[in-house]
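Encoded as structure tokens, the structure appears first; notes follow it.
Counting starts at 1 for both ligands and their atoms, in listed order.
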Amino acid sequence: TGKHWGYGKDDGPSIWHQNFPVAEGDRQSPIDIMPQQASHDPNLGPIVLNYDHCTSLNICNNGHSVVVEFDDTDDRSVILGGPLDNPYRLKQFHFHWGGKGCHGSEHTVEGNSYASELHLVHWNAVKYRSFGEAASAPDGLAVLGIFLETGDDHRWLHTITDALYMVKYKASVTDFKGFNPKCLLPSSLHYWTYLGSLTTPPLHESVTWIVLKEPIAVSERQLGKFRMLLFTGEEEDQRIRMENNFRPPQPLKGRKNLQ
Ligand SMILES: NS(=O)(=O)c1c2ccccc2cc2ccccc12
Ligand SMILES: [Zn+2]
């Protein structure tokens with residue numbers, strides 16, 4: 001009996017606090033990143049992505065985004081280093097995007113948003129026995145955020161966009177094996193990091209955010225394919241295009257983002 005929520009006028013981010021009061025908490029995400037205000041922490045090392053043996057399983061439309069899920073039964077694909085005290089296992093990645101020509105990223109940089117944002121979701125399997133348990137612990141999750149800007153075609157994104165027609169409707173899922181998200185990384189792993197939350201209900205304040213400074217380029221044509229997805233299920237009369245599935249930046253409430 002999960003409470004209904006969405007990105008529309010009547011069920012969108014401005015009313016989430018009614019069913020999820022933590023929406024007005026002290027470490028909510030996303031935020032507007034101000035690089036000048038970010039304090040440099042010399043103890044912060046580079047992040048390391050050990051994705052070489054990662055195993056993608058399927059791609060699904062969960063009614064809020066398109067999600068690629070991974071086998072997280074062992075430490076075959078982990079993120080470590082940077083602000084993290086343990087390796088965190090890759091569980092899934094998904095995207096947020098806008099409408100035609102307008103912006104769709106969740107984090108912004110000095111008030112500027114990007115066309116889209118990719119989130120790679122990881123959980124702390126050293127301290128917690130399941131993803132669900134980690135998802136509500138303050139150091140349970142680590143999400144790597146990558147900005148997408150419009151430019152040339154992305155050489156490898158077609159592997160994902162070619163599969164989107166198979167998951168057009170909410171709750172549709174299809175096999176999606178052999179995809180390694182390393183091909184979606186920019187050339188630099190320089191990052192900002194801060195303590196935040198899920199950007200979707202239940203908005204648990206359990207995420208260490210690691211946002212890469214360098215965006216990747218994707219074409220308007222490739223982004224357009226995400227907009228053929230629907231928020232609605234095959235059996236519903238209404239067909240609502242999946243777009244603008246992003247939460248706007250939330251108050252910093254005294255947080256410093258580090259770099
Ligand atoms: N935008 S998000 O990364 O906060 C997010 C999750 C974050 C942590 C754990 C699970 C999450 C599941 C999501 C599902 C759809 C969209 C964002 C999601
Ligand atoms: Zn996300």
Side-chain angles (χ1 to χ4, degrees), residues 2-8 11-13 16 20 22-23 25 27-31 33 57-70 72 77-79 84 88-98 103-108 113-125 127-128 130-148 160 164 167 169-173 176 181 184 191-212 215-216 223 226 229-231 242-250:
K3 301 173 190 115
H4 171 78
W5 60 273
Y7 290 96
D11 60 3
W16 289 351
F20 305 93
V22 72
R27 55 174 280 191
Q28 288 291 294
S29 293
I31 60 168
I33 295 166
L57 298 173
N58 61 53
I59 186 167
C60 73
N61 174 337
N62 68 2
H64 309 296
S65 181
V66 58
V67 186
V68 172
E69 297 185 312
F70 289 81
D72 61 348
S77 38
V78 294
I79 183 172
L84 305 173
Y88 285 59
R89 276 186 200 167
L90 178 64
K91 168 81 179 161
Q92 52 105 314
F93 69 75
H94 62 271
F95 297 82
H96 302 264
W97 59 91
H103 296 298
S105 66
E106 299 213 295
H107 291 90
T108 55
S113 51
Y114 287 87
S116 172
E117 188 170 333
L118 161 61
H119 289 158
L120 292 125
V121 176
H122 309 74
W123 62 284
N124 185 341
K127 281 187 70 175
Y128 305 102
S130 71
F131 176 79
E133 191 188 334
S136 49
D139 60 349
L141 302 177
V143 182
L144 181 66
I146 301 175
F147 292 122
L148 279 64
I160 293 171
L164 297 181
V167 287
Y169 298 102
K170 175 179 178 179
S172 49
V173 58
F176 193 73
L184 298 176
Y191 63 91
W192 294 290
T193 183
Y194 75 97
L195 297 178
S197 71
L198 275 69
T199 65
T200 60
L203 299 168
H204 292 316
E205 297 186 324
S206 57
V207 180
T208 298
W209 279 94
I210 298 168
V211 180
L212 296 187
I216 60 170
L223 264 187
F226 283 88
L229 295 168
L230 298 177
F231 280 127
M242 188 180 277
E243 55 187 21
N244 298 308
N245 56 347
F246 62 90
R247 187 190 195 191
Q250 301 302 307

Looking at Leu203 and Arg247, what are the two nearest heavy atoms and their distance? CD2-NH1, 3.5 Å
Would you check if Trp209 and Trp192 make a side-chain contact, meaning some heavy-atom pair closer than 4.5 Å? no
Would you call the rings of Tyr7 and Trp16 parallel, tilted or perpendicular, taking 30° and 60° as the class edges? perpendicular
Note every protein N or O atom lying under 3.5 Å from an N or O atom of ligand 1, pairing the names and giving the distance.
{"from": "ligand 1", "atom 1": "1 (N)", "to": "His94", "atom 2": "NE2", "distance (Å)": "3.3"}
{"from": "ligand 1", "atom 1": "1 (N)", "to": "His96", "atom 2": "NE2", "distance (Å)": "3.2"}
{"from": "ligand 1", "atom 1": "1 (N)", "to": "His119", "atom 2": "ND1", "distance (Å)": "3.4"}
{"from": "ligand 1", "atom 1": "1 (N)", "to": "Thr199", "atom 2": "OG1", "distance (Å)": "2.7"}
{"from": "ligand 1", "atom 1": "3 (O)", "to": "His94", "atom 2": "NE2", "distance (Å)": "3.4"}
{"from": "ligand 1", "atom 1": "4 (O)", "to": "Thr199", "atom 2": "N", "distance (Å)": "2.8"}

Within a strict 4.5 Å, meaning less than it, do heavy atoms of the Leu198 and Ser206 side chains meet? yes
All ring-ring contact (aromatic ring centres under 6.0 Å, His included) counterparts of Tyr114, not counting sequence neighbours: Phe147
About how many Å separate CG of Asn61 and OH of Tyr169, when rounded to the nearest 0.5 Å? 11.0 Å
Contacts of Trp123 that satisfy side-chain hydrogen bond (donor to acceptor under 3.5 Å, both in side chains) - sequence neighbours left out: Asp72
Do the ring centers of Tyr194 and His107 come within less than 6.0 Å of each other? yes
For the side chain to side chain contact (heavy atoms under 4.5 Å, CB included) test, which of Ser136, Ser197, Pro138 pairs with His204? Ser136
Within a strict 2.8 Å cut-off of the Zn ion (ligand 2), protein N/O/S atoms tallied 3
